[in-house]
Number of protein chains: 2
Amino acid sequence: MGDLAQALGVQKGSLYAHIESKADLLWEVAREGAEAFHAALDEVPDDGPVVERIRAALRGHLRVVAQQLDVATVFIREWRYLEGERRDTFIAERRRYEERFRALFREGRERGELRTDLDDGAAALLALSSVNWAYTWLRRDAGTDSLADRFTALLLDGMRGYSS
Amino acid sequence: MGDLAQALGVQKGSLYAHIESKADLLWEVAREGAEAFHAALDEVPDDGPVVERIRAALRGHLRVVAQQLDVATVFIREWRYLEGERRDTFIAERRRYEERFRALFREGRERGELRTDLDDGAAALLALSSVNWAYTWLRRDAGTDSLADRFTALLLDGMRGYSS
DNA sequence: TTTGGGACCGAACGATCGTTAGGGTGATGG
DNA sequence: CCATCACCCTAACGATCGTTCGGTCCCAAA
């Protein structure tokens, strides 16, 4: 709160003419984060090659991380400090996001665009881990699309030479 | 400190008969974490198929995460609260760990066991991201080896069907 | 012109937390 | 037997932090 007030050029107490509590602020940022990531997924077309949609989803996620790093940090890490009902509803929203991701891989498998023995749970976990971890090192001005493409290529084609 | 004292069945102040400061504790755990992860990497043989060594490295990392979750959490996340010189030396140790990981992928490419156009930096980043993120969801009793193997399979062979 | 209200200040409150101080106990070893 | 020392307690200190409160200023609506 002190830092926030200082960044606004205002005394600590003056903040409370605009907000109710610190917890409210965290909740607002968490909601904003959920909205941003879901919005990025909304931009992914719901038909066309699954591979391209996965690439678009990773691009979108990384873009949110890079361009709204603070919001993303709350969505990814700081949400833990939410309390009570807000915490529960946030977790549900977060699970929904992961589920939407997983559905991509499931559909890819079912359509035969991905390997038929694909473990879509592990696949979604792997993909989401890679982009979720990005908030720890990603710079705001990084070329996120090309990075997402490199991740996509690695995830889809693997690191072995056989498939090239 | 209060929680720690309570867990030990002791008053807060009594802790200081054994330690110097809270910062010292964090430093100790951070060092323990670095030691554990490096030790896990030491168990990986330095010859043989690179693919198997990568699998072993991921297994080792996940095992440390699962079995020493608190230590791993400090190594992965809480080290940020280290200060001064300790912070710097820790970061160096952490970078060295990442570099050892990356060397695996580089060697795999150079030996022709991995694709010749492999971006070993991105590959190491992807692999480390996947296992680093695990501390957020991994349960202590999880079958980490099989999980590491699933990750290894996905990373090496990819999610596309072509290579199977 | 008066009134109401939003924005802000300055100060303080109350809680938490890491740490210190002073004193007590009991076991150990010279 | 006595001194030492490790260990622990209670109490308090000082700093930080989120929040409250009374008061001032100023703009806009009545």
Side-chain angles (χ1 to χ4, degrees), chain A residues 1-37 64-65 68-94 135-137 140, chain B residues 1-37 64-65 68-94 135-137 140:
Chain A
M1 290 294 113
D3 292 349
L4 179 58
Q6 192 175 358
L8 293 171
V10 149
Q11 293 287 84
K12 262 196 309 179
S14 309
L15 295 176
Y16 290 82
H18 307 270
I19 64 166
E20 279 294 319
S21 69
K22 190 177 75 157
D24 278 11
L25 276 186
L26 180 63
W27 170 240
E28 238 173 276
V29 179
R31 283 208 334 114
E32 197 174 332
E35 203 173 332
F37 281 103
V64 173
V65 171
Q68 299 171 250
L69 191 50
D70 42 4
V71 166
T73 300
V74 171
F75 182 75
I76 293 175
R77 186 178 60 182
E78 305 284 339
W79 64 265
R80 277 161 222 280
Y81 302 103
L82 289 172
E83 282 174 353
E85 183 194 1
R86 288 176 169 180
R87 197 174 200 272
D88 298 336
T89 60
F90 177 85
I91 289 179
E93 202 64 8
R94 203 162 192 301
Y135 83 97
T136 48
W137 49 266
R140 197 177 301 265
Chain B
M1 290 295 114
D3 292 348
L4 179 57
Q6 191 174 358
L8 293 171
V10 148
Q11 293 288 85
K12 260 195 312 177
S14 309
L15 295 176
Y16 290 83
H18 308 270
I19 63 166
E20 279 293 319
S21 69
K22 189 177 76 156
D24 279 12
L25 277 186
L26 181 63
W27 171 240
E28 239 174 275
V29 179
R31 280 205 339 111
E32 198 175 331
E35 204 172 331
F37 280 103
V64 173
V65 170
Q68 300 171 251
L69 191 49
D70 42 4
V71 166
T73 300
V74 172
F75 181 75
I76 293 175
R77 188 177 58 181
E78 306 282 340
W79 62 267
R80 278 162 220 281
Y81 301 103
L82 290 172
E83 283 173 352
E85 183 194 0
R86 288 175 168 180
R87 195 173 201 272
D88 297 338
T89 60
F90 176 86
I91 289 179
E93 204 63 7
R94 200 161 194 301
Y135 83 97
T136 48
W137 50 265
R140 198 176 302 265

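Throughout, protein chains are lettered first and strands after them, A, B, ... in sequence-line order, and every chain is numbered starting at 1.
Inter-residue side-chain proximity for B/Thr136 and A/Ile76 is flagged as unmet; no heavy-atom pair is nearer than 4.5 Å. No side-chain heavy atom of B/Gln68 sits under 4.5 Å from any side-chain heavy atom of B/Val74. Between A/Val65 and A/Phe37, the closest side-chain pair of non-hydrogen atoms falls below 4.5 Å. Using a 4.5 Å heavy-atom threshold, the side chains of B/Leu25 and B/Met1 count as touching.
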Quiz item: With the sugar-phosphate defined as primed atoms, P, OP1 and OP2, and the base as all remaining atoms, what B/S/- string results for nucleotides 8-14 of chain D, 5' to 3', for protein heavy atoms under 4.0 Å?
Solution: SBB----
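Taking both residues in full, the closest heavy atoms of A/Trp27 and A/Thr89 are given as CH2-OG1, 3.3 Å, listed atom of the first, atom of the second, then distance.
With rounding to whole Å, A/Met1 atom CE is found 23 Å from D/dA15 atom P. As a whole-Å value, the separation of A/Leu15 CG from C/dG6 P is 17 Å. Atom CG of B/Leu8 and atom C1' of D/dC7 are 13 Å apart (whole Å). Between the CG atom of A/Leu4 and the C1' atom of D/dT19 there is a distance of 14 Å, rounded to whole Å.
Taking 4.0 angstrom as the limit, B/Tyr16 places none of its side-chain polar atoms (N or O) nearer than this to OP1 or OP2 of C/dT20.
Salt bridge annotation for B/Asp70-B/Arg140: absent, with no cationic side-chain nitrogen under 4.0 angstrom from a carboxylate oxygen.
Looking at residues 20-32 of chain A, you'll see A/Ser21, A/Lys22 sit with a heavy atom under 4.0 Å from some atom of DNA chain D.
Distance check, rounded to the nearest 0.5 Å: CD of A/Gln11 to OH of A/Tyr16 gives 13.5 Å.
Applying the salt bridge (charged side-chain N to carboxylate O under 4.0 Å, His left out) rule to A/Arg94 yields the partners A/Glu98; only residues at least two apart in sequence or on another chain are considered.
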